[in-house]
Amino acid sequence: MTNPAAAALIARSNRLGADPKNTNYAGGNTSAKGTETDPVTGEPVELLWVKGSGGDLGTLQESGLAVLRLDRMRSLVDVYPGVEREDEMVAAFDYCLHGKGGAAPSIDTAMHGLVDAAHVDHLHPDSGIAIATAADGEALTKEIYGDKVVWVPWRRPGFQLGLDIAEIKAQNPQSIGCILGGHGITAWGETSEEAEANSLWIIDTAAAHVAAHSKAEPFGPALDGYAALPDAERRARAAALAPTIRGIASADRPMVGHFTDADVVLDFLASSEHPRLAALGTSCPDHFLRTKVKPLVLDLPPSASVEDSIARLHELAVAYREDYQGYYDRNAVADSPAIRGKDPLIVLVPGVGMFSFGKDKQTARVAGEFYVNAINVMRGAEGLSTYAPIDEAEKFRIEYWALEEAKLQRMPKPKPLATRVAFVTGAASGIGKATAAKLAAEGACVVIADLSLEKAQEAASDIAGSLGSGADVAVGVQVDVSDEAAVQAAVDAAVLAFGGVDLVVNNAGLSLSRSLLETTEKDWDLQHDVMAKGSFLVAKATAKVMIEQQMGGDIVYISSKNSIFAGPNNVAYGAAKADQAHQVRLLAAELGEHGIKVNGVNPDGVVAGSGIFASGWGANRAAVYGVEEKDLGKFYAQRTILKREVLPENIANAVFVLCTDELSHTTGLHIPVDAGVAAAFLR
């Protein structure tokens, strides 16, 4: 049974974390102190429950709490070796843990344990950080709060900060919390309700003061020619620039992207002070650990051509990498971790919006959310005073902190297709859905492209649900692959969803089983439009993205045994599949110079879950072979060498293998997945 103090803590944390005005995703921490019976002595023992390292307040559960014996934790004061060695204290927290399981204690544990209050909240609200990063933040704190909230000059999170805040509370018994310079807020209370009320009062009071006293144009007057483009034009420009920007952000290591054209971003970029403020960088450690210390900002108006914007972005990328190397060189010491990458994580394009990047879609999306937080902070600070973030030396101490490096090293090994974005056509059912599900399970972000938007979105929801994720893993888009404009629109949607495209599966198809004399011109055109022409259009649109990204890629055609085997009553379908099969060879030869591999999979007899078979093809083929339709899968299995029925998952596995590092040197290959049909052996 959950301890009442811990239960109250979890409920309070979830309420605070559910509202972005209070704190950012995975930012801040909360705690409660209470009593339990020691299972060894049977005596009461005072405990501290505190949100563990890396957890999120809005979704916090009991398993996300670190539980420490309060007497042992507070006894660490007696062995504290001083601020120069305070990092050693994090390891010492492990010797204060109570019970089994629980989360790892965070760097802020000392703040919660040493402050003499039963409940403590440490949060990163935009309004509070605006005061914390104002040049005259200390005076503003006094003006806004009187003696109820105390100013604490910037200090890196750690044991000494915990000691400082404990001393401040002891010397200011009337206080309910403090503003941490450059960082955030801390509040406390003797009950969970009191701590929550105090936190919200500090946050809301700061917001109200900013609203009442801010200058009219905190970001300066509007910058001529930098207003947001109209919606459709803005999205089209974003899609045109996204592959280039993703390539820039992925020069050191592949990244997944996220795009937002929220008003808060567009308004910031339309104002005259945005270049100065962006160059100052973010201040709260949670912000710049997600966004890097500053963004890359395109210094051209939205009236510039796409070509000029791309050229300028490449120039700025070189300058950004040189600047970041200089930042590292100026601040690194002998035992600093190696530089982790010089590419931007935030790219701002005036009139268009913001592109953010991370190791997966969630990380990329959250990085963008953090920069929106930073914009809000800058607006508040500039509105009241002047934005003055912590200096770059302090940012470096946190970005390349040994404790941060250790946290990164503890991260699980990425899945084989992590950071890759897959675009799968005909993916709402059968082979396409199984392939999309396999790629997502192996770490890819997947775009489910299908003729039916409803079915595409349903399939995306199914796949994401099976992985315990949402739109951060899979999205559904509508596409008629025979329509060039529709294909381009679907590819544009893909690059806006995930930053680009790396892995394309040409799977969309249909079939009509008719003899030569029964096949109409309409039958012929329909099958060739969907499979031969459709694959060509999809390959053309996505190859352009991959070439612009300069990250290589994979294109896989789901062809057929029928591209090799001449079966009866199959002229239109077989010819279209043969066209697809040769596209593999032609494109492999053409795209190899860009690091793009093109391969094919030749299935046969995939009845289970097949939209083609369910739409009449199965009944026709069963009639041709003289078997019951329900027995068609078994019939196909018996005519194979291995006597095995071919399932959609078998095709999906072949696609996966073709796209892994194990086959990094293979292009122009067709893999039969037909359980062995000698007549279809490749020669």
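Salt bridge annotation for Asp252-Arg321: present, with a cationic side-chain nitrogen under 4.0 angstrom from a carboxylate oxygen.
Listed by chain and residue number, nothing satisfies the side-chain hydrogen bond (donor to acceptor under 3.5 Å, both in side chains) test with Thr244 (two or more places apart in sequence, or in another chain). Remark: Tyr327 engages Glu399 in a side-chain hydrogen bond (donor to acceptor under 3.5 Å, both in side chains) (not counting sequence neighbours). Residues passing the ring-ring contact (aromatic ring centres under 6.0 Å, His included) test with His124, sequence neighbours excluded: His122, His183. Residues passing the salt bridge (charged side-chain N to carboxylate O under 4.0 Å, His left out) test with Asp360: none are found, sequence neighbours excluded. Residues forming a salt bridge (charged side-chain N to carboxylate O under 4.0 Å, His left out) with Glu273 (at least two apart in sequence, or on another chain): Arg276. By the side-chain hydrogen bond (donor to acceptor under 3.5 Å, both in side chains) test, Arg235 is found to be paired with no residue, residues two or more places apart in sequence or in another chain being considered. Residues passing the salt bridge (charged side-chain N to carboxylate O under 4.0 Å, His left out) test with Glu394, sequence neighbours excluded: Arg397. The side-chain hydrogen bond (donor to acceptor under 3.5 Å, both in side chains) search around Glu190 returns none, not counting sequence neighbours. A search for salt bridge (charged side-chain N to carboxylate O under 4.0 Å, His left out) contacts involving Asp308 returns nothing, not counting sequence neighbours. Looking at residues two or more places apart in sequence or on another chain, you find a ring-ring contact (aromatic ring centres under 6.0 Å, His included) between His213 and His209.
Heavy-atom minimum distance, Ser199 versus Ile185: O-CD1, 4.1 Å. The minimum heavy-atom distance between Arg237 and Val352, with the atom names listed, is CG-CG2, 3.4 Å. Of all heavy-atom pairs between Gly380 and Val210, the closest is CA-CG1, 3.9 Å. For the residue pair Leu60 and Lys51, the shortest heavy atom distance occurs at CD1-CG, 3.7 Å. Nearest heavy atom pair, residue Pro105 against residue Ser53, reads O-CB, 4.2 Å. The two residues Ser385 and Ala134 come nearest to each other via the heavy atoms CB-CB, 3.9 Å.
Distance alone, capped at 3.5 Å, places no donor-acceptor pair between the Thr23 side chain and the Gly17 backbone. Panel note: side chain Thr109, backbone Ser106; a donor-acceptor pair is recorded below 3.5 Å. Judged purely by atom type and a 3.5 angstrom limit, Lys292 uses its side chain to pair as donor or acceptor with the backbone of Asp343. A donor-acceptor pair under 3.5 Å links the side-chain atoms of Asn198 to the main chain of Trp188, judged by distance alone. Judged by distance alone, the side chain of Arg246 and the main-chain N or O of Met255 form a donor-acceptor pair under 3.5 Å. Judged by distance alone, with hydrogens and angles left aside, the side-chain atoms of Asn14 form a donor-acceptor pair with the main-chain N or O of Leu57 at under 3.5 Å. Of the possible donor and acceptor atoms, one in the side chain of Gln549 sits under 3.5 Å from a partner among the backbone N and O of Val501. Side chain of Lys148 to main chain of Ile202: no donor-acceptor pair is present (N/O by atom type, distance under 3.5 Å, no hydrogens or angles). Using a distance-only test at 3.5 Å, with no hydrogens or angles considered, a donor-acceptor pair links the side chain of Lys215 to the main chain of Glu382. With hydrogens and angles disregarded, no donor-acceptor distance shorter than 3.5 Å links the side chain of Lys342 to the backbone of Ala251.
Rounding to the nearest 0.5 Å gives a distance of 4.5 Å between CD1 of Ile165 and SG of Cys178. Taken from OG1 in Thr260 to CG in Leu496, the straight-line distance is 11.0 Å, to the nearest 0.5 Å. For the atom pair CG of Leu200 and CG of Asp19, the computed distance is 8.0 Å after rounding to the nearest 0.5 Å. The NE2 atom of His274 sits 6.5 Å away from the CG atom of Leu223 when rounded to the nearest 0.5 Å. Residue Ile245 holds its CD1 atom at 8.5 Å from CG of Leu296, rounded to the nearest 0.5 Å. Residue Leu316 holds its CG atom at 11.5 Å from CG of Asp323, rounded to the nearest 0.5 Å.
Between Ile131 and Leu384 the shortest side-chain heavy-atom distance falls below 4.5 Å. Residues Pro350 and Leu298 meet the side-chain proximity criterion, which asks for heavy atoms closer than 4.5 Å. For the pair Ser309/Leu241, a side-chain contact is recorded, criterion being any heavy-atom separation below 4.5 Å from C-beta on.
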| message | Please determine whether side-chain contact (heavy atoms from CB on, under 4.5 Å) holds for the pair Gln174 and Asn172, giving the CA-CA distance in whole Å, both sets of side-chain angles, and the decisive distance to 0.1 Å. | response | CA-CA 5 Å; Gln174 78 290 346; Asn172 297 272; 3.5 Å; yes
| query | So Leu65 and Ile10, side-chain contact (heavy atoms from CB on, under 4.5 Å) or not? Walk me through it. | reply | CA-CA 9 Å; Leu65 296 173; Ile10 293 167; 4.0 Å; yes
| said: Under the criterion side-chain contact (heavy atoms from CB on, under 4.5 Å), I'd like the reasoning laid out for Leu345 against Arg290: C-alpha separation, chi angles, the key distance, then a yes or no. | reply: CA-CA 8 Å; Leu345 294 178; Arg290 303 272 189 163; over 6 Å; no
| query | Does the pair Asp116 and Lys169 meet the rule for a salt bridge (charged side-chain N to carboxylate O under 4.0 Å, His left out), with working shown? | reply | CA-CA 8 Å; Asp116 186 18; Lys169 184 184 183 305; 5.3 Å; no
| task | With side-chain contact (heavy atoms from CB on, under 4.5 Å) as the test, would you mind laying out the steps for Ile339 and Tyr400 before giving the verdict? | result | CA-CA 8 Å; Ile339 193 168; Tyr400 285 91; 3.6 Å; yes
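Applying ring-ring contact (aromatic ring centres under 6.0 Å, His included) to Phe396 and the options Phe288, Tyr324, Trp401, Tyr328 leaves one that passes, Tyr328.
When only modelled atom types and interatomic distance are considered, Ser283 and Thr133 share no side-chain donor-acceptor pair under 3.5 Å. Checked by atom type, the side-chain pair Glu369/Asn24 shows no donor-acceptor distance below 3.5 Å.
Here ring pair (Phe, Tyr, Trp, His ring centres under 6.0 Å) pairs that include residues 232-265, with residues two or more places apart or in two chains, are Phe259-Phe355. Among pairs with a residue in residues 358-389, those fulfilling ring pair (Phe, Tyr, Trp, His ring centres under 6.0 Å) read His287-Phe370, at least two apart in sequence or across chains.
No more than 12 heavy atoms of other residues, nucleotides or ligands lie within 6.0 Å of NZ in Lys294, so this atom counts as exposed by the packing criterion. Under a cut-off of 6.0 angstrom, the local environment of CD in Glu194 is crowded, with over 12 non-hydrogen atoms contributed by other residues, nucleotides or ligands. Other residues, nucleotides and ligands contribute only 12 or fewer heavy atoms inside 6.0 Å of the CD atom of Gln61. No more than 12 heavy atoms of other residues, nucleotides or ligands sit less than 6.0 Å from atom CG of Asp224.
Ring centroids of Trp201 and Tyr145 are separated by less than 6.0 Å, placing the two rings close together.
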